[in-house]
Amino acid sequence: NSSKLGFPAFASFSTTRQLATDHNIAIVGGGAAGLYTASRILSKSPTTRIDIFEQLPTPQGLVRYGVAPDHPEVKNCTTKFNQVLQNPQVQFYGNIPVGTESDHECSVPLERLRSVYGGVVLAYGASRDRKLGIEGEDGCGSRVGVVSARLFVAWYNGLPEAQDVQLDLDSFDRVVIVGHGNVALDCARILLTDPNDLARTDITKRAVAALRKSNVRHVEMVGRRGPLQVSFTTKELREMTKLPGLEIICDRRLLESECAGEKGRRVLEASRPLKRMMDLLLKHSVDSNSPKPINENELGAGGVKGNKTFTLRFLLSPLRVLYNQVEEGLKAPQVMQFAVNRLSGPPESARAEATSEIVDIACCMALRSIGYASTPLVGAPFDHKRNIVPNIAGRVTVDQNDRNDLVPGLYVSGWVKRGPVGVIATTMQDAYRTADAVLMDMRDGNIGTGCRADIDNTLRSLGVDARRVSTEGWLRLEAYEAARGEKAGKPREKVTSVEEMLNIINQ
Amino acid sequence: MLYLLSRTASAAKQCTRLTRNYSLVSSSSSASTRPSVSMAALLTASLRQQPRGFSASALAMKDITVTFIEPDGNEVEVTGEEGTNLMELAHENDVDLEGACEGACACSTCHVILDDKIFDELPEPTDEENDMLDLAFGLTDTSRLGCQVLLTPDMEGARIRLPSATRNFYVDGSKPAHH
């Protein structure tokens, strides 16, 4: 492979040696991927200068706008992020979009960065999500139809552009969530947690108010395949079992037969995480096949009075959303229709095949949580099939006449490199591997150093200096949010509009 | 005098860190009440906060020597105070072990592999630690999260392996399944 690339791509960078270089590197994206890439480069080459461009005034990406508010310890990584941003070799350029000329007038063209920096790392993540592609998905009149789980999460986490999302938590007592991953579970948990408990987290004020008014008591989380194919993890499921007053329901006959079958037992023996999760579900769930009438005074988990339920539904694929249906004597705001599936193939790679059976679930709102998706950046290659920037081990490639040619000086880190899957720890390791490629190329002279004078002139001429949010500006906003939060008994009260952020920063 | 000062400073640091982690638990919703610091850790920490004086009744904290084995085979012998967790110990000695969530049992980046004997002698991991271990790459039967394992005299001479932290990202199709 080294003959094709001109240097050994798979040699790992020495972890002990340090470099002294004077390269200038730009990173597009100030989230976990970008920050961990910067951190790794600086740890091995402390004299490299790194400029981090971020569309929002705030860094941290999904750590700020994706991680659930009741998971504050997951956000401890931001201490290191702030250390990176405060490193004298690092400049933060917040409020500066790059490569988004189709959306923003003032976007910095990627080509301009590539012409003045020695290397550019794309770490801009995934800002879209996959649609179901079904009839009725986009709502009808005042009915919201299917809302993006990504937007719902962004809404309660304070992302400015998500504050206007249309939700319906009032017209009925049930929400359907399509998807069996951790984002879906986060949404279910936020919908079913006592708002008084949420009020002490960094969830937005507006979200708490909406959740206090919410009539949602039942959440059904629906997936195409069976219990052995779920994507969520045990930690998040365990949190559901500890929600006071919540009953967890699933088809225990299906669960037991999947786990006890020959193929199931084999797969569970081989996978400790899956076995632990199935054990947890078997221990804590109530059978959907023998429904009890819901009694207002009935005691739920922990002996707490409550009538909230969380139902895990398997083997259902969404077909369409219907409006103005009369369901069980109620005029349900909307009804989601599903095809019942059967599984074929071994559990590790089971395929869902639709039968002719149909199931209806009434709800006020549905959330689709079937995956985030990256978008192309103007001036960079993009693989529209996989929705990633094509690359080999973090070095961007372009498909030219059926060959994969390296694009010199262009790298990629994080979700936009491998797809929108993986926790912060995964992104950290991924970013380190990209950083190692940059370090190797700097060491071997495969990229230029870039020119600081040219960089300064370019940024000034593009008006970047005037518009940017610096590290100091971000820290000021962060302190403001913490102070506001302290008054309200929460870790921070997030500012939810870009205009207000900039006012606070520029004061 | 300097010795005493440095001990007090490190105890104070430990105290602040533990307080912060503990207060995170209490400030999060009751739904996600998980001990981010075990009772053993809290007890040990409070023992370490005893004023170091010249009184014979002050508890003496032992120094324990263990060896970290980095992914590339490099061995680093380190000495730490009883009650220090393995993640902190690594960081104090520039050993290449990550700790993204800073010891709050909310990630798997401080994953370490122990000898059978030491592993068996340690108190069992909590459900919460096991949930995080489930996500660790290269999980073994003697894996633990470094931040949840505290140095005790029984660990003298222990050999602690740092697993190679990455999947082979170069190979197409090799993807973690969760987020």
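The sequence lines fix the lettering, A, B, ..., with proteins before strands; numbering per chain opens at 1.
Shortest non-hydrogen contact noted between N76(A) and C101(B) is ND2-O, 2.8 Å. The shortest non-hydrogen separation linking D127(B) to R276(A) is O-NH2, 3.5 Å.
Put simply, OG1 on T233(A) and CE on M132(B) are 6.5 Å apart, with the number rounded to the nearest 0.5 Å. Rounded to the nearest 0.5 angstrom, D131(B) CG and L280(A) CG are separated by 7.5 Å. Here K75(A) contributes atom NZ and E102(B) contributes atom CD; the two are 14.5 Å apart, rounded to the nearest 0.5 Å.
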Next on the checklist: K235(A) vs L135(B), test: side-chain contact (heavy atoms from CB on, under 4.5 Å). Steps then yes/no.
Outcome noted: CA-CA 10 Å; K235(A) 170 193 162 182; L135(B) 307 181; over 6 Å; no

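Per-residue heavy-atom pair counts under 4.5 Å with chain B were compared for S271(A), C77(A), G419(A), and the maximum is reached by C77(A).
Looking at L133(B), both its backbone and its side chain come within 4.5 Å of chain A, counting heavy atoms on both sides.
Other residues, nucleotides and ligands contribute at most 12 non-hydrogen atoms within 6.0 Å of the CD atom of E486(A). Other residues, nucleotides and ligands contribute over 12 non-hydrogen atoms within 6.0 Å of the CD atom of E75(B). Enclosure of atom CG in D120(B) by more than 12 non-hydrogen atoms of other residues, nucleotides or ligands within 6.0 angstrom is indicated. Enclosure of atom CZ in R161(B) is not indicated, since only 12 or fewer non-hydrogen atoms of other residues, nucleotides or ligands lie within 6.0 angstrom.
Side chains of M277(A) and D134(B) form no contact here, defined as non-hydrogen atoms less than 4.5 Å apart.
The existence of a salt bridge linking E98(B) and K80(A) is confirmed by a sub-4.0 Å separation between a basic side-chain nitrogen and an acidic carboxylate oxygen.
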